[in-house]
Amino acid sequence: MKIVIIGAGQVGGTLAENLVREENEITLIDINNETLLELQDKMDLQVVQGQGSHPDVLIKAGIEDADLVIAVTSDDAINMIACQICYSLFRTSTKIARIRSSKILKYQDQLFQNENIPVDHIIAPEQLVTRDIARLIDYPGALQVLEFAEGKVSLVAVRAYYGGLLVGHALSTIKEHIPNVDTRVAAIYRNGKPIRPLGTTIIEADDEVFFIAASIHIRAVMNELQKLEPAYKRIMIAGGGNIGSGLARILEKNHQVKLIERSPERAEYLASELNDTLVFTGDSSDQELLLEEHIDHFDVFIAVTNDDEANIMSSLLAKRLGVRKAMVLIQREAYVDLLHGSNIDIAISPQHATISALLTHVRRGNIANVYSLRGGSAEAIEIAAQGDEKSSKVVGRTVKTLKLPPGVNIGAIVRGNEVIIAHSKTKILSNDQVIIFLVNKRYISEVEALFQLDALSFY
């Protein structure tokens, strides 16, 4: 596939790296030549310096025969104009734009149509991050919560703790502990490295366990791996930007929420917009302020300002002063790695959420969802099985007969409204939605090929 990416920042650069690995023809446009040359030294791609919304620059990048354009600069206007030009002048078939402004997204249904602004898919990082944090609040103790098949199935990452009912036991005993719940462990990471989950595998304390189950059974399975934590009730949010305000709006319905905002004007605006959130002006890394607000009585402290260092410092301080859980938004990938083993419970990367959403629209075949995991090394996907036993390599076949690459597990199948946890004898039928976990995402092309229809069968 020939793809033009506009914007070589963290999102554009990471996306290019993902797509180059999958043997796509990538051209990257940016105004910063130094950044482009650095990326070109690391990857097999073409680069063009210039403004991505200028027709001459787009022509130089090969837009005239490109299959897809992805505009992910930090400027919403440039992203929208670039998509408009690609449609009006070059009839580019698929156009994706990153849009961050909530004031634009408010009117997205009216705006983003071919007769107005021709954007086929909108990626809104702030909305994605807000959704991800809200899921973590819903499932206390989870490290990640990923939904598939319109929420029918969830893939959840938890850390196994001493005292957990399954710690020290083999995976094969799960059914004995929760006989009325069907689940499957898709992957286990021990000391940061993946191990293959077999029936004889013993779960150890501190293992990071990815399991899949019908969403209604998630809490029951979590309770087997760790002491089920009480529901979060009191939440403090640091940062009143799009993420902080959006999160407060969602959580205030069922939680006691306080929001700290540094800007007095922004704090005053949020106080008038939010119904049941207590908003006050201040510095979230001010120890006296946190003590005055009784941070030790709160269940969760969520730092979502646009300053990584401020988020980290305020979260570490909140933990030291007694908050139960600390979640921190981190833009820089290097900082996410540094926080492993720290006192901060969960680091949230908007880049990972954005890349996952972008890959969902870029991948070949009938892929409905893509989630990038473990710093981008692993992946979970939802893909449709189509065709019949003659045209498909998977339809009519059992899981154990499929030629799956190493480290690739089929976790669940959704058939209509029925959730089927996959086992070796489970047969895949046409129109099944199949949820797959890949320990190593470099095998994604093989998985896509497995689910593609055999063209020869039509002749």
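For the numbers below, each heavy atom of this structure counts, side chains included, while hydrogens, waters and symmetry mates do not.
Separating the CZ atom in R234 from the CE atom in M236 is a distance of 8.0 Å, to the nearest 0.5 Å. Remark: T354 OG1 to R100 CZ distance equals 8.5 Å, nearest 0.5 Å. To the nearest 0.5 Å, the span separating OG on S445 from CG on L450 amounts to 12.5 Å. The distance from atom CD1 of I436 to atom CD1 of I444, rounded to the nearest 0.5 Å, is 7.5 Å. To the nearest 0.5 angstrom, S215 atom OG is 9.5 Å from K152 atom NZ. Here the CD-CD1 distance, from Q256 to I235, works out to 9.5 Å after rounding to the nearest 0.5 Å.
Within a 6.0 Å radius of CD in E147, other residues, nucleotides and ligands contribute more than 12 heavy atoms. K233 NZ: 12 or fewer foreign heavy atoms inside a 6.0 Å radius. The neighbour count for D44 CG, taken as heavy atoms of other residues, nucleotides or ligands under 6.0 Å away, does not exceed 12. The environment of OH in Y269 is sparse: at most 12 heavy-atom neighbours from other residues, nucleotides or ligands sit within 6.0 Å. By the neighbour-count criterion of 12 heavy atoms within 6.0 Å, atom CD of Q110 is densely surrounded, having more than that number from other residues, nucleotides or ligands. Heavy-atom contacts from other residues, nucleotides or ligands closer than 6.0 Å to CD of E273 number more than 12. Within a 6.0 Å radius of CE in M43, other residues, nucleotides and ligands contribute more than 12 heavy atoms. More than 12 heavy-atom neighbours from other residues, nucleotides or ligands sit within 6.0 angstrom of CG on D41.
Side-chain contact check for N242 and E126: no donor-acceptor pair (N or O, by modelled atom type) lies under 3.5 Å. With 3.5 Å as the limit, one finds no donor-acceptor pair spanning the side chains of S263 and E261. Between the side chains of Y139 and R135, no donor-acceptor pair of N or O atoms lies under 3.5 Å. Using a 3.5 Å distance cut-off with no hydrogens or angles, the side chains of D120 and T94 do not pair a donor with an acceptor. Q49 and D30 are not linked by any side-chain donor-acceptor pair at a separation below 3.5 angstrom, with hydrogens and angles left out of the test. Counted by atom type alone, D283 and S285 present one or more donor-acceptor pairs between their side chains at under 3.5 Å.
Shown are I137, D345, I344; of these, the side chain to side chain contact (heavy atoms under 4.5 Å, CB included) with M327 is made only by I137. With V304 as the partner, the side chain to side chain contact (heavy atoms under 4.5 Å, CB included) test is satisfied by one option alone out of V129, I133, L259: I133.
In this structure, the side chains of M1 and L68 come closer than 4.5 Å at one or more pairs of heavy atoms. Between L317 and Q287, the closest side-chain pair of non-hydrogen atoms falls below 4.5 Å. Residues F298 and R324 are not in side-chain contact: their nearest non-hydrogen atoms beyond the backbone lie 4.5 Å or more apart. For the pair V434 and E382, the minimum side-chain heavy-atom distance is 4.5 Å or more. When side chains are defined from C-beta on, R266 counts as touching S245, because their heavy atoms get closer than 4.5 Å. The shortest side-chain heavy-atom distance between Q51 and I31 falls under the 4.5 Å cut-off. Residues I3 and L19 have side chains in contact (heavy-atom distance under 4.5 Å, counting atoms from C-beta outward). Residues I355 and L359 form a side-chain contact, since some pair of their non-hydrogen atoms from C-beta on lies under 4.5 Å apart.
Judged purely by atom type and a 3.5 angstrom limit, Y232 has no side-chain atom pairing as donor or acceptor with the backbone of H255. The backbone N or O of I188 sits nowhere less than 3.5 Å from a side-chain atom of D207 that would complete a donor-acceptor pair. Not one N or O on the side chain of S88 forms a donor-acceptor pair closer than 3.5 Å with the backbone of I85. In this structure a side-chain-to-backbone donor-acceptor pair under 3.5 Å is present from N311 to T305. For K441 (side chain) and L438 (main-chain N/O), no donor-acceptor pair under 3.5 Å exists by modelled atom type. With N409 contributing its side chain and A186 its backbone, the two residues share a donor-acceptor pair below 3.5 Å. Looking only at distances, a side-chain donor or acceptor of T360 sits under 3.5 Å from a matching main-chain atom of V370. Within the 3.5 Å criterion, the main-chain N or O of V279 finds no donor-acceptor partner in the side chain of T277. A distance-only check finds a donor-acceptor pair linking the side chain of D307 to the backbone of E309 [under 3.5 Å]. Formation of a donor-acceptor pair under 3.5 Å by the R159 side chain with backbone atoms of D206 is found in this model.
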Query raised in the report: For R332 and Q10, what are the C-alpha separation, side-chain angles and deciding distance, and is it a side-chain contact (heavy atoms from CB on, under 4.5 Å)?
Result: CA-CA 8 Å; R332 299 185 189 179; Q10 288 182 317; 4.2 Å; yes

Could you please spell out the steps behind the side-chain hydrogen bond (donor to acceptor under 3.5 Å, both in side chains) verdict for S101 and D76? CA-CA 7 Å; S101 171; D76 290 351; 4.7 Å; no

Is there a side-chain contact (heavy atoms from CB on, under 4.5 Å) between V156 and I218? Walk through the geometry before answering. CA-CA 8 Å; V156 180; I218 291 302; 3.7 Å; yes

Could you go step by step and tell me if L28 and V48 meet the side-chain contact (heavy atoms from CB on, under 4.5 Å) rule? CA-CA 6 Å; L28 194 55; V48 175; over 6 Å; no

Check: Between F112 and Y107, does a ring pair (Phe, Tyr, Trp, His ring centres under 6.0 Å) hold up when you go through it step by step?
Finding: CA-CA 8 Å; F112 298 113; Y107 301 99; over 10 Å; no

Inset, instruction - Begin from the C-alpha positions of I5 and V72 and carry the test side-chain contact (heavy atoms from CB on, under 4.5 Å) through to its verdict. - result: CA-CA 7 Å; I5 300 174; V72 288; 4.1 Å; yes

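Shown here for I81 and S53, the closest heavy-atom pair between the two residues is CG2-CB, 3.8 Å. The nearest pair of heavy atoms linking I260 to G282 is CG2-O, 3.4 Å. Shown here for A149 and V414, the closest heavy-atom pair between the two residues is CB-CG2, 3.6 Å. The two residues A347 and I330 have their closest heavy-atom pair at CB-CG1, 4.4 Å. The shortest heavy-atom contact between E446 and P405 is OE1-CG, 3.5 Å. Considering every non-hydrogen atom in both G240 and L270, the closest pair reads O-CD1, 3.4 Å.
Between F437 and F210, the two ring planes are tilted [angle within 30° to 60°].
For K325 and D299, the salt-bridge test fails: no basic side-chain N is under 4.0 Å from an acidic carboxylate O. Checked for salt-bridge contact, K253 and D276 miss the test: no charged N lies under 4.0 Å from a carboxylate O. Salt-bridge annotation for E38 and K42: absent, with no side-chain N of the basic residue lying under 4.0 Å from a carboxylate O of the acidic one. A salt bridge does not link E208 to R190: none of the charged nitrogens lies less than 4.0 Å from a carboxylate oxygen.
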